[in-house]
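Below is one structure, written out as C-alpha cells; comments come after it.
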Amino acid sequence: MDQLTSEERASAYCKKRCSVPDFGNLLGMGQEGSVWPTDNETAIKVFDRERNFNSEVSCYEILRDNQIYEIDGFTIPHLIDSDSELLVVEMTIVAPPFILDFGKAYINRRPDFSESVMEYYEQERAEMFEGNWDLVDSAVSSLEQFGIFYWDARPGNIDCRNHPLAKQND
C-alpha cells in the first residue's frame, strides 16, 4: 500500500467494485487525502493516514447504525463501502447544505484542548462562517449526542448554502 499513489489505490478500489474513478473532476483535497467521483455517482476518498481513515469510517458507521443522514438541516453522506488495506472510503455525493469530512473527529471523547485553544477556535470559526457559526455549532453539538466530536468545522466541510436558517453571504 505504501508504494501505491492515491490514484493507484483509487483505481484498485474501483476495479474491485466495477466502477471507474473520475480523476479529471477532483471533488476535494486536504490533509487527509483526495476525493474523486466515480461513474457509479458516488465519491471515493483516498486517505493518506490510517488514523484519519479509521476515524472517518467509525463516524459513518455510527451515523449509519443510528440512521442519521441529516442533522440540524445538514445532509451527511451515506457510507457505501470502505477498504482498510487501500484506505479508501466510498460514500454518496451530497449537495449543500452538508457536513462531511470526519477524518479529524474524536470518537466517544472530547478533545483535550486548553480553554484558550477552545476560545480561539470559537472566535476563528465565528469569522469563517460569517454569521452562521451558531447554526454550524448547533449541528456539531448534535453530533456529540452520538459520540462524534467534530473538530474540523470549516466552510469546505460544512456548507451552509441553501440551509433555510443560514444567513446567505454573497
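Keep in mind that this is a model prediction, so the values were computed, not measured.
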Specify the closest pair of heavy atoms between G73 and P97, including all atoms of both residues, with the distance to one decimal.
O-CG, 3.2 Å
For F102 and Y150, take the angle between the two ring planes, folded into 0 to 90°, and tell me which bin it lands in: parallel under 30, tilted 30 to 60, perpendicular over 60.
perpendicular
Running the 4.5 Å side-chain criterion over Ile, Leu, Val, Met, Phe, Trp and Tyr, what cluster does L27 land in, apart from itself?
V35, I93
Give the minimum heavy-atom separation between A10 and I44, together with the two atoms involved.
CB-CD1, 3.6 Å
Contact summary for P111 and W151, nearest pair of heavy atoms:
CG-CE3, 4.4 Å
Which residues pass the salt bridge (Lys or Arg N to Asp or Glu O under 4.0 Å) test with D83, not counting sequence neighbours?
K16
Would you say F113 has more than 12 foreign heavy atoms packed within less than 6.0 Å of its CZ?
yes
Cation-pi check, R154 onto Y121 ring (under 6.0 Å, within 45° of axis):
no
Quick check: is L165 connected to I76 through a chain of hydrophobic side chains (ILVMFWY, heavy atoms under 4.5 Å apart)?
yes
Only counting residues at least two apart or in another chain, list the ones meeting ring pair (Phe, Tyr, Trp, His ring centres under 6.0 Å) with F74.
H163
Smallest heavy-atom separation, S34 atom then W36 atom, equals CB-CH2, 3.4 Å
Could you point out which residue of I148, L143, V57 forms a side-chain contact (heavy atoms from CB on, under 4.5 Å) with I62?
I148
Quick check: does any side chain N or O of T42 sit under 3.5 Å from a backbone N or O of T38, one acting as donor and the other as acceptor?
no
Any donor-acceptor pair under 3.5 Å linking the side-chain atoms of Y13 with those of R17?
yes
So which heavy atom on L79 is nearest to which on Y60, and how close?
CB-CB, 3.7 Å
Can you tell me if D159 uses its side chain to pair, donor with acceptor, with the backbone of R161 under 3.5 Å?
yes
Check whether any side-chain N or O of E144 sits under 3.5 Å from a backbone N or O of G147 as a donor-acceptor pair, and report yes or no.
no
Hey, does the side chain of N132 reach the backbone of K167 with a donor-acceptor pair shorter than 3.5 angstrom?
yes
Would a distance-only check, ignoring hydrogens and angles, find a side-chain to backbone donor-acceptor pair under 3.5 Å from R49 to G33?
no
Strictly distance-based, threshold 3.5 Å: is any side-chain N or O of S55 a donor or acceptor partner for the main-chain N or O of R51?
no
D112 CG: over 12 foreign heavy atoms closer than 6.0 Å
no
Quick one: does S138's side chain have a donor or acceptor within less than 3.5 Å of a partner on D134's backbone?
no
V88 and R9: which non-hydrogen atoms are nearest, and at how many Å?
CG2-O, 4.2 Å
